[in-house]
Structures are given as structure tokens and as C-alpha cells.
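Reminder, nothing fancy here: chain letters follow the sequence lines and each chain counts from 1.
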Amino acid sequence: MAREYTPHEIDRKWQEQWAADRLYEAKDDDRRPKFYALTMFPYTSGDLHIGHWYAMAPSDVYARFKRMRGYNVLHPMGFDAFGLPAENAAISRGIHPCVWTMRNIENMRRQLKSIGAVYDWSREVITCLPEYYRWTQWFFLKLHQAGLAYRVKAPVNWCSRCQTVLANEQVVGDGLCERCDTPVTKKELEQWFFRITRYAEELLNYSGVEWPERIKAMQKNWVGRSEGAEISFRLEHEGGGQQEMKVFTTRPDTVFGVTFFLLAPEHPLVESLTASEHKAEVEEYVDWCRRQSEYERVASGRQKTGVFLGSYAVNPLSGERVPVWIADYVLPTYGTGAIMGVPAHDERDLEFARKFHLPVRVVIASADWSGEEPLEAYAGPGTMVNSGQFTGLSSEQGFEAVCDLLEDKALGKRMVTYHLRDWLISRQRYWGTPIPVVHCHRCGIVAVPEKDLPVLLPDDAEFRPTGESPLEHCQSFVNTACPVCGGSARRETDTMDSFVCSSWYFLRYTSPDTMNAPFDTAKMKSWLPVDSYTGGAEHAVMHLLYARFFTKALRDVGLLEFDEPFTRLYNQGTIIYQSDKMSKSRGNVVAPDKYVAELGADAVRGYLMFIGPWELGGEWSDRGIVGISRWLNRVWSLVTTDYAVRGVDPAAEKELLHLLHKTIKKVTADLEDFRFNTMLASLMECTNHLSKVKERGIVADSLWSDVVTSFLLLMAPAAPHLAEELWTRTGHPYSIHNQRWPEHDEELASDEEITLAIQVNGKLRDKVVVPASISEHEAKELALGSERVKAHIDGKRIDKVIYVPKRVVNIVVTQTPSAS
RNA sequence: GGGGGAGUGUCGGAACUGGCAGACGAGCAUGACUUAGGAUCAUGUGCCGCAAGGCGUGGGGGUUCGAGUCCCCCCUUCCCCA
């Protein structure tokens, strides 16, 4: 007699068995086609919540499906282990970051195993271990040699109270220090950068990858390509020095509308362009600007501020002389740090002109322009007016004509700019990969030789709540000898942004034990690129863009031969709980452990897939999960209780076979497209039908067990533990997860009989069950003969009859004017 | 302000290239078995109407024999960028 379904026992039993048998370890040498299925590895925050399961479970179902479809699947897992929270834990709780991190990994690994995924744990990668980060350092050296890593002064977030640099994520609210609420300002410091801008154009090319439009749009937005022109303005000022200044504009066709010229307050030319009588005012304003955050400065709707410098710029095309001002909304980091002010055609320029009573001149007429000074800036296309020889041209023609003239007279040129800035990788933190360079008094910046890698993080650093990197104060680390001259030198104390670590981890999975290189080239070549990469959309512009850049850079260094790391990308949605995004900081995390213990891993996996389309996310509900749990229970008793034939009905047998093949077809197609919710719905429909068949005992014994066998195979990816247990109990050889996926028979899957809808003027009036092979003529005759239809067409003129094969007959009638 | 999604029963959601709206599940109702149950099984469940029938996919227009699906305008909401 069948026992009760006890998921917690079954889960543990099979997880142990699979691990003991190394069932899921990927073989490097295998004849089957490879498939690299990757899920973004988690940050080691400490606990795996339902949101993580939502990322992991469906992608595991997909990897399992691919295995059964005959692929040699690589499905690894690891940990993104460097980062600030570990350091904060050290400061607030006195635990060493390394201890905190490794303890979290222990717990998370245990939780990850409870999902029952096909992870190949023998390939686990942890980014904070020296055997990993020595290669992160090695890549840094390669990029440095290639001129892709450089050090330069750059404005960074600075807290004047803590006397320290803050990462962007430590700037909270409207630009406040997360620790002491002091407004964060910018300060110029030497920082390390990766030259991602060199790849700006290539990063906009997505040919050969299958990525969601949404992510591509976000990245394109981020890279921010704009076409325009660089134009030189001659400067008139009392001092000597520079006599011209370049600006970039996307609208060279508006150049006749320039009525003022703006510089960023930090611009190096400000001093020499300031007339003596304006000096005091300018200095005061520049000082004030330094205390503003970038966020405040560019915020729309903000009252415009600025100061006249007392000098002038001359428009190269109109010859007009316009005043030079400085304004905080012009940022030194964009373009040349200067702009031409065209108030009639730029919203912010218009606000500025209004505030300081500067002239507004319309040079592009919109279709409905009255000739008056406009109330709003018009940024659209139109006809050029007030523009000298260009008057009358369309703005598009004007764009080209102005550029041609500028180029002829060497006053400017066509130019493409990008919003993308180089990737600032320096962090003034302890818990990260040390940047492998030393500063020598004599030789300057010297790269650590490859043979001296890794530069180890010292573990005796002291953690003080100053916000400064403990490495600064760690003498044993800082003091070293110059690798070139042997003289005394200081180590770089900056560590790398942890996004550097995650830019190449997918390469390491292919050969995590390789000691003399970041990866074994042959193995890497056989697995890469990643076929399916899944994870949260929040990584659209950081991780995913950096990983693409890294891949291209390593290709150019000669280490890789492909252009894109992730062929197919898919982003699952967000799980919310109590109408809020689930997160530790909001305190609304749902721990899976309780549900796993009560209802089993398969129920939790199943419920997460059943909520809705994976892409859209959804709300976790304690109530909803019982539906899946009940279904698993029904499957259990359906398979474990005896089947008894009462009387075979050939029609029922045919129908059962038909349903099975339809289900195989549907489940296969849904899995291929990540439509997990509808896959489960069709498995449930199949279950419902099986229950009825079983109750009546109307199919032969052998057919029943064949159908159950196929059904279990279809369930195996979604409910791996239950499927394995039932597979064994129905007398099949272990393991179900090494079986071939069932194939559907197109003939059996297709409908023999269909329901034809009969409409009159588009309204449903009758339905008839007919053979699928029905001819158009027969269908129309049938429709016209229907009793229900007659009532709606009698006495009316039939204009036409539309027949859509296998779907609908629509009879179009008009009321004949009756002689009533 | 720019870019990208999403609006369908009481709820989560189905619906291939335009062709029977509401699959599957939850909830609810009634019944059965149970002393009891957050268990199991059966039946019902978009709205109005006794019925015939009518109305229904955020709102308003349009294209079409036919629109949840296509086009235009508007509203609400979520995400990203500013």
C-alpha cells in the first residue's frame, strides 16, 4: 500500500544520492553538443531568500531540460564575495570580513543545495580567495600593458567630515554621506580607470546575440551616442593665453541662435577669462558650486545660477560677440566642459536666459511658429530662420551644410560623442582585489611582475570606523621594494571594484583548478560563450556592460576569440512581498527554508514558476503555494496507488494518447521559451485527465503505465525529487535525470476533431464539433443549416460567408428593408 | 522630461500569425466522506436578466466580416535614465 507523500524525506534522500553519484558534474570531454547554462552568482550577503530562488529554480529547470534533450550541460555556481557589506560587518560587529564572508558562503551553499539544482559544485568559484583574485590582478596587468588601465586625477565623492572617499552607493538620498549625513562634494583624487570608452561604438552592436530589447535599450541609453559637431569659438578677454575654445553640440544647425557662452565653474580657463572687476564674485560662486552635488546641479526645475566673467566669445559663423558666463548646470566631465547657449531651442538654456535677461533668438521655425519669442524652447526639427546664408534650409539640411562650412574653414568638424565614461575601478576599501602596482619614488608607477602575484590582502588589518581603507595603515602591506630598482616603494592601497571580479568568473568555471593561468584555454574554448545567461535586470548597465567590455578587451589582448560572452540573455522579474520589493533592508524577506521543510523543494520551485511569466516577477503569497503542493500530492497518489482496468474503451485510449502527445509538445515548447507557468498548467491539465481515466479504468494496463512513464519524464525538470522517487517506485532504473526527453508524435498530437465556432455578423451563435478534415464547403453548409443560426439569418440578405479553417464560420448578413 | 514594460473575473494569471475571452491555479458556494480539520472527492462560479437575450479585456476614437491582440489620442501603474 502506498505511503503518504513526505517531501522532506524524499528531498534529502535524493539530494544525497545525486551528490554521492556526482550525477551533475559536467565532463569536459564529451561527444554530445555542449550547453553552458549560467545563472548570475549571488553576492555573499548571508541568506538566500525567495528572490534568489526565483532566479535559481527556473533556470535550473531549463538546465535539467537541456540535459534530458541530449546536451552536455555545464551549470556551475559560485559566489561574488568581495564588497562593502563585509567591511561594514567588520566595523559594526568586529568580525573579520573574510570570516563573515566565508561563514555566509557556508550557509548559502547549504541553502542552494536545498533547491535540488543540477549545479556542478566541483567547479565552485569564490572571488575573494587568492587563487581567484590573483587572476583578477593578472587581467589588470594585461589591460595595463595594453593601455586599457590608467591612473588619472578625477573628481570623486568626498565627505569632508569623515575625510574619506565614498563609493556612489554610499551616497544616499540627495547626496548625503550614508554614515554622517554630511553633504557629499566632489574632490579631485588620483584614480584607476579602465578604458571602456574605447569600446563605446562596439558595445552598441548586438549582432549575433539574443538579448531582450529592454536591456539593449538601457545599455544604448547608457552608452549615449550622439552625433553633432565640435565648433571653435574665438575668445576675447583681457588676459593673454588661450584664444579659442571648443564646444560640442548636437545641433550645429542652431549655431546662429547662440546668445551666450557657458563654461563649467571648474573649467581651467575660468581664471584667465575672468575680468578683474568680476574676480571676487566669480571666486565666491565657484566655491559655492564645489559644495553642490552633481545630482543637485543638474536637477531639472532648479533655479538657474551663474556669473558673468566679463569676457566674450565670437561665433565663428555669424561673427557675433556673446558674453561668457559660468553656470553650475554645465559639468566639467561632459564634452569640453563648455556649451554654446541657444535659449530658443534648449530648455535649460532658456531658463538661464530668462533668469539673467539674455536675448532669445529663434533660428529654427516649427510649423506653427508665429514669429514671436516662444514661451517654451523648441527642440524639434523645422526650417532655419535668422541664419544668414542658411536661412530657408530644413534643420536636417542645415545640420549638414553648417558642418560642411565649418570643416571647409577649419572652424570645427563633425563629431560623435558618447555619454559613457571610463570605468572608475578604484575603491578606497579593504575588502577587494588589491590593485597590483607599487609607487616608487624613483620609477613612478610600477606594475607588480606576474611572478609576484597574487598581491595578498593582509589579514592583520585593523578595522576602524573612519571610513578610510585599513590598508593605508597596514605598514607590512604598504612598505615594499620597487620591482625595478629595488628601492623603497609604497604599494597601491586602492582595491578593485567588485564588478571587475564578476567580469570574468564565467571563464573560470571552465577550469577552476588551473593553477598557472586564469583558465585552461582548450577547456575555455570548448565551453564558451555562455549559451544561456539569466539573472536580474538590475545588472543591465553595470555588470552586463562591464562583462561585455572585459570580453572584448581580453579578445584584443589575444586571450579570447569571441566577441560576446553571453549569447542568449534572459532577465527574470522581481519577486515582491507585501507590495514591496523583497530585500534585507526593507525587512520583508521570505526565507525559503520553512516552506522547503514543510512542503518540499519541489513545491517551492513549482510555486515560483506558477506565479506568472518569469519575466514579469510577481507577488509571493503563502496561500498560492498550496495549489502546487496539492497538485504534487495528487500526482503522488495517482502514481503510487494501483491502477485497475474495468473495461477498455478504444476511444478513451485514443484520447489519452492524443492528450499525452499534445502535452509533450506544449511542455517542450514552453520550456524552450522559459514559459514555466504555462508548462505547469498543461502538466496539471494532463494530471486532471489522468485522474478521470484512472477512476473509470478505461484504458489498458500497459498504456496506462506508458503514459505515466512519459508524464514523469515531463515532470522531471520541474519537480526533480518527486519525479525521481516515483520513477524508482514504478520500477524504472535510476536515474530519471539521465533519461531522454520524450518526443511527441505530430499526428497523435494534432486534433482529429475540432470545435467550429459559428458567428453571425461576428457574434457567436453556435458551436459544432466536426472532423478536422472538414472542407470549406461542408463547413459553410453546416453553419447555414444550424437551427440556432437560422433564427438570426432568416429574412436577411446573406452578403458573404467567411471561413477560417479549423476555427470559425462567420455569416455576414444585412437586414433587408421589410414591408412590415 | 526621455526610454522600456504592464493594465483581462474576487485574486495570480491563460489566449499561436487578428478568429469560441477567462485555460491552469487560488478563493468562494453547495454536496459527499469525516466527531473534528488549513485533509480528500464531486459540482458550480465574469456581470445583468425568470428567460430569450444583452453586456463584458483601463477610457475614447478608428481599421476589419471579426479586435484583449493592429492604428491614433488619453488615463493609471511599475522599472531604467536624467
Side-chain angles (χ1 to χ4, degrees), chain A residues 4-5 212-224 294-295 297-302 329 331 334 346-348 376-377 379 419-420 536-542 571 573-574 576 579-581 598-599 606-631 633-634 636-637 663 665-666 669-670 673 675-689 691-692 695 754-769 788 791-792 798-814:
Chain A
E4 214 180 316
Y5 172 48
E213 287 306 319
R214 182 169 47 135
I215 302 299
K216 291 195 279 189
M218 275 191 230
Q219 292 199 346
K220 282 180 184 167
N221 205 333
W222 189 259
V223 173
E294 199 169 292
Y295 177 87
R297 284 174 56 168
V298 298
S300 63
R302 187 174 190 244
Y329 75 93
L331 297 175
Y334 286 98
D346 182 278
E347 197 190 330
R348 290 188 303 180
E376 282 178 8
H419 176 258
L420 184 71
E538 68 273 19
H539 291 114
V541 285
M542 305 285 261
N571 300 102
T574 314
I576 56 172
S579 7
D580 231 332
K581 184 180 170 175
E598 255 176 54
L599 303 172
Y607 175 58
L608 288 169
M609 287 186 276
F610 197 59
I611 285 178
W614 196 30
E615 190 181 24
L616 297 181
E619 175 136 26
W620 172 266
S621 132
D622 296 345
R623 252 189 354 203
I625 194 172
V626 304
I628 290 291
S629 180
R630 283 178 196 160
W631 173 60
N633 270 290
R634 279 206 304 278
W636 174 269
S637 54
T663 306
K665 187 178 177 181
K666 172 81 173 145
D670 279 352
D673 286 341
R675 290 191 304 249
F676 303 102
N677 55 332
T678 50
M679 166 202 70
L680 284 175
S682 70
L683 285 176
M684 285 173 180
E685 268 180 274
C686 187
T687 311
N688 293 345
H689 186 82
S691 299
K692 290 206 174 81
E695 200 181 320
I754 49 156
T755 309
L756 205 59
I758 303 176
Q759 303 176 332
V760 176
N761 284 352
K763 283 191 195 289
L764 182 72
R765 296 301 177 188
D766 200 2
K767 294 180 190 182
V768 283
V769 178
R788 292 213 189 132
H792 292 94
I798 296 174
D799 293 329
K800 54 179 157 177
V801 180
I802 287 152
Y803 174 64
V804 181
K806 297 189 180 184
R807 301 223 181 260
V808 81
V809 178
N810 189 13
I811 303 164
V812 185
V813 298
T814 8

Would you name the heavy atoms of [X] and [Y] that are closest together and state the gap between them?
X         : Y         : result
Tyr329(A) : Arg348(A) : OH-O, 3.7 Å
Glu619(A) : Ile611(A) : O-CD1, 3.8 Å
Leu680(A) : Gly606(A) : CD1-O, 3.4 Å
Leu599(A) : Ser629(A) : CD2-OG, 3.5 Å

Any protein N or O atoms within reach of nucleotides 54-57 of chain B? Criterion: under 3.5 Å, listing atom names and distances.
unit_1: rG54(B); atom_1: OP1; unit_2: Arg765(A); atom_2: NH2; d: 3.3
unit_1: rG54(B); atom_1: OP2; unit_2: Arg765(A); atom_2: NH1; d: 3.2
unit_1: rC55(B); atom_1: OP2; unit_2: Lys763(A); atom_2: NZ; d: 3.4

If the condition is salt bridge (Lys or Arg N to Asp or Glu O under 4.0 Å), which residues does [X] pass it with, not counting sequence neighbours?
X         : answer
Arg675(A) : Asp670(A), Asp673(A)
Asp766(A) : Arg788(A)
Glu695(A) : none

For [N], what is the paired nucleotide under Watson-Crick or G-U wobble rules, both distances under 3.5 Å?
N       : answer
rG1(B)  : rC81(B)
rA26(B) : rU10(B)
rA36(B) : none
rC41(B) : rG31(B)
rG18(B) : none
rG68(B) : none
rC55(B) : rG46(B)

Keeping to residues at least two apart or across chains, list the side chain to side chain donor-acceptor pair (under 3.5 Å) pairs with something in residues 798-809 of chain A.
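Output for this query lists Arg797(A)-Asp799(A), Asp799(A)-Thr814(A).
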For the NZ atom on Lys216(A), are there more than 12 heavy atoms of other groups (residues, nucleotides or ligands in this structure) within a distance under 6.0 Å?
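Buried by this count: over 12 neighbours within 6.0 Å.
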What nucleotide, of [options], holds the atom closest to the side chain of [X]?
X         : options                   : result
Leu764(A) : rA82(B), rA21(B), rC80(B) : rA21(B)
Trp222(A) : rC24(B), rC20(B), rA82(B) : rA82(B)
Ala681(A) : rC24(B), rA15(B), rC20(B) : rC24(B)

Phosphate OP1/OP2 of rC65(B): any Lys800(A) side-chain N/O under 4.0 Å
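For Lys800(A), the contact criterion (side-chain N or O under 4.0 Å from OP1 or OP2 of rC65(B)) is met.
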Reported OG-to-CD1 distance for the pair Ser621(A) and Ile576(A), which is rounded to 0.5 angstrom
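Ser621(A) atom OG to Ile576(A) atom CD1 measures 11.5 Å (nearest 0.5 Å).
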Leu683(A) side, atom CG; Thr663(A) side, atom OG1 - distance, nearest 0.5 Å:
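Output value for this atom pair is 7.5 Å.
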Nearest whole angstrom, please: distance from the [atom2] of [N] to the [atom1] of [X].
X         : N       : atom1 : atom2 : answer
Leu420(A) : rA82(B) : CG    : P     : 12 Å
Leu683(A) : rG25(B) : CG    : C1'   : 13 Å
Met679(A) : rC24(B) : CE    : C1'   : 12 Å
Ile215(A) : rG3(B)  : CD1   : C1'   : 12 Å
His419(A) : rA82(B) : NE2   : C1'   : 8 Å
Asp670(A) : rC24(B) : CG    : C1'   : 12 Å
Leu680(A) : rA14(B) : CG    : P     : 12 Å
Glu615(A) : rC79(B) : CD    : P     : 16 Å

With sequence neighbours left out, write down each residue that passes side chain to side chain donor-acceptor pair (under 3.5 Å) with Gln219(A), or none if nothing qualifies.
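With neighbours one apart ignored, the set is Tyr206(A), Arg548(A).
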Holding to side chain to side chain donor-acceptor pair (under 3.5 Å), I want the full list of residues that pass it with Trp222(A), two or more places apart in sequence or in another chain.
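Expected list: none.
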In whole angstrom, give me the gap between the [atom1] atoms of [N] and [M].
N       : M       : atom1 : value
rG56(B) : rG5(B)  : C1'   : 26 Å
rG25(B) : rC20(B) : C1'   : 22 Å
rG38(B) : rA52(B) : C1'   : 44 Å
rU57(B) : rA51(B) : C1'   : 27 Å
rU35(B) : rC11(B) : P     : 38 Å
rG49(B) : rA32(B) : P     : 29 Å
rC47(B) : rG31(B) : C1'   : 26 Å
rA15(B) : rG58(B) : P     : 16 Å

Can you check whether Val813(A)'s main-chain N or O pairs, donor with acceptor, with Asn761(A)'s side chain at less than 3.5 Å?
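Yes.
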What nucleic acid atoms does Thr678(A) come within less than 4.0 Å of, heavy atoms only: base, sugar-phosphate, or nothing?
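Contact class for Thr678(A): sugar-phosphate only.
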Map Val541(A) and Lys767(A) onto RNA chain B by nearest heavy atom, then report which one ends up closer to the 5' terminus.
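The 5'-side residue here is Lys767(A).
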Kindly write out the residues that satisfy ring pair (Phe, Tyr, Trp, His ring centres under 6.0 Å) with His419(A), not counting sequence neighbours, or none if the list is empty.
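Listed in chain order: Tyr334(A).
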Please enumerate all residues that pass ring pair (Phe, Tyr, Trp, His ring centres under 6.0 Å) together with Tyr607(A), with sequence neighbours excluded.
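Listed in chain order: Trp620(A).
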Hey, what are the protein-to-nucleotides 16-19 of chain B N/O distances that come in under 3.5 Å?
unit_1: rC16(B); atom_1: N3; unit_2: Arg807(A); atom_2: NH2; d: 2.6
unit_1: rC16(B); atom_1: N4; unit_2: Arg807(A); atom_2: NE; d: 3.0
unit_1: rC16(B); atom_1: N4; unit_2: Arg807(A); atom_2: NH1; d: 2.7
unit_1: rC16(B); atom_1: N4; unit_2: Arg807(A); atom_2: NH2; d: 2.1
unit_1: rG19(B); atom_1: N2; unit_2: Gln759(A); atom_2: OE1; d: 3.4

Determine the sole option in Val804(A), Val769(A), Val809(A) for which the side-chain contact (heavy atoms from CB on, under 4.5 Å) test with Leu756(A) is passed.
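Exactly one candidate clears the test, Val809(A).
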Can you check rG9(B) for me, syn or anti if syn means within 90° of 0?
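Base orientation relative to the sugar is syn.
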Taking only N/O atoms, report every protein-nucleotides 36-42 of chain B pair under 3.5 Å with atom names and distance.
unit_1: rA39(B); atom_1: OP1; unit_2: Arg630(A); atom_2: NH2; d: 3.3

Please tabulate, one pair per line, each protein N/O and nucleotide N/O from nucleotides 11-13 of chain B that are separated by under 3.5 Å, including the distance.
unit_1: rG12(B); atom_1: O2'; unit_2: Ile611(A); atom_2: O; d: 2.7

